[in-house]
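This report concerns only the one structure given below.
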Amino acid sequence: AALIFLFGLHHDRGQLDRAEAALVRMGEMAPAEAAERIQLADAWERLDRQAMAVDVLEGVRAARGGAALRAARLVHS
């Protein structure tokens with residue numbers, strides 16, 4: 001939660017390099033099946049980095065056996 005908070009602060013201030021660094025660190029720390037990865041994918045989308053968001057969601061789907069993408073689609077619909 002702290003890294004997503006830092007991402008938001010940096011993003012809101014236009015410090016996109018720092019925002020991206022927070023997401024990279026979060027990606028390194030969060031377990032593959034962690035719910036935080038859905039937030040991570042959403043944050044990558046906010047940086048207009050859809051390929052990174054898809055990679056994160058595919059990793060979660062693989063770790064959870066397919067349920068993650070269905071959950072993400074519900075959140076975004």
Side-chain angles (χ1 to χ4, degrees):
L3 289 171
I4 266 304
F5 177 75
L6 282 177
F7 161 79
L9 284 177
H10 294 311
H11 184 267
D12 292 347
R13 293 177 180 165
Q15 300 169 330
L16 301 184
D17 289 343
R18 288 182 177 188
E20 186 172 325
L23 297 183
V24 168
R25 187 168 176 207
M26 184 177 175
E28 292 169 348
M29 296 176 65
E33 73 284 349
E36 298 90 72
R37 289 204 171 263
I38 304 299
Q39 292 177 319
L40 177 60
D42 184 54
W44 280 119
E45 281 192 272
R46 288 177 60 192
L47 288 179
D48 201 26
R49 302 281 303 276
Q50 284 79 16
M52 291 296 291
V54 169
D55 287 346
V56 169
L57 290 175
E58 286 177 347
V60 175
R61 180 180 62 180
R64 292 186 181 179
L69 283 182
R70 288 190 297 276
R73 286 186 185 125
L74 290 175
V75 168
H76 291 288
S77 59

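Just so you know, these numbers use all the heavy atoms, side chains as well, and skip hydrogens, waters and symmetry mates. Every value quoted in this text rests on a predicted model; they were computed, and no experiment measured them.
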Would you indicate whether the side-chain heavy atoms of [Y] and [X] approach each other to under 4.5 Å?
X     : Y     : value
Val60 : Glu33 : no
Glu20 : Phe7  : no
Ile38 : Val56 : no

- request: State the CZ-CG distance between Arg46 and Asp12, to the nearest 0.5 angstrom.
  value: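 Answer rounded to 0.5 Å: 6.0 Å.
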
Backbone N/O of Pro31 and side chain of Arg37: donor-acceptor pair under 3.5 Å: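 Yes: the side chain of Arg37 pairs with the backbone of Pro31.
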
- prompt: What closest approach, in Å, do Ala41 and Ala53 show between heavy atoms, and which atom pair accounts for it?
  reply: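 Taking every non-hydrogen atom into account, O-CB, 3.3 Å.
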
- request: Search all heavy atoms of His11 against all heavy atoms of Ala19 and return the closest pair with its distance.
  value: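 Nearest pair, atom of His11 first, then Ala19: N-CB, 3.9 Å.
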
query: Going through the distances and angles, do Leu23 and Leu3 end up as a side chain to side chain contact (heavy atoms under 4.5 Å, CB included)?
result: CA-CA 7 Å; Leu23 297 183; Leu3 289 171; over 6 Å; no

- request: Give the intermediate values and the outcome of side-chain hydrogen bond (donor to acceptor under 3.5 Å, both in side chains) for residues Gln15 and Asp17.
  value: CA-CA 6 Å; Gln15 300 169 330; Asp17 289 343; over 6 Å; no

- request: May I ask you to check whether over 12 heavy atoms, not counting those of Arg18, lie within 6.0 Å of atom CZ?
  value: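 Check fails, neighbour count at 12 or below.
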
message: Apply side chain to side chain contact (heavy atoms under 4.5 Å, CB included) to residues Leu40 and Ile4 and explain how you reach the verdict.
response: CA-CA 7 Å; Leu40 177 60; Ile4 266 304; 5.5 Å; no

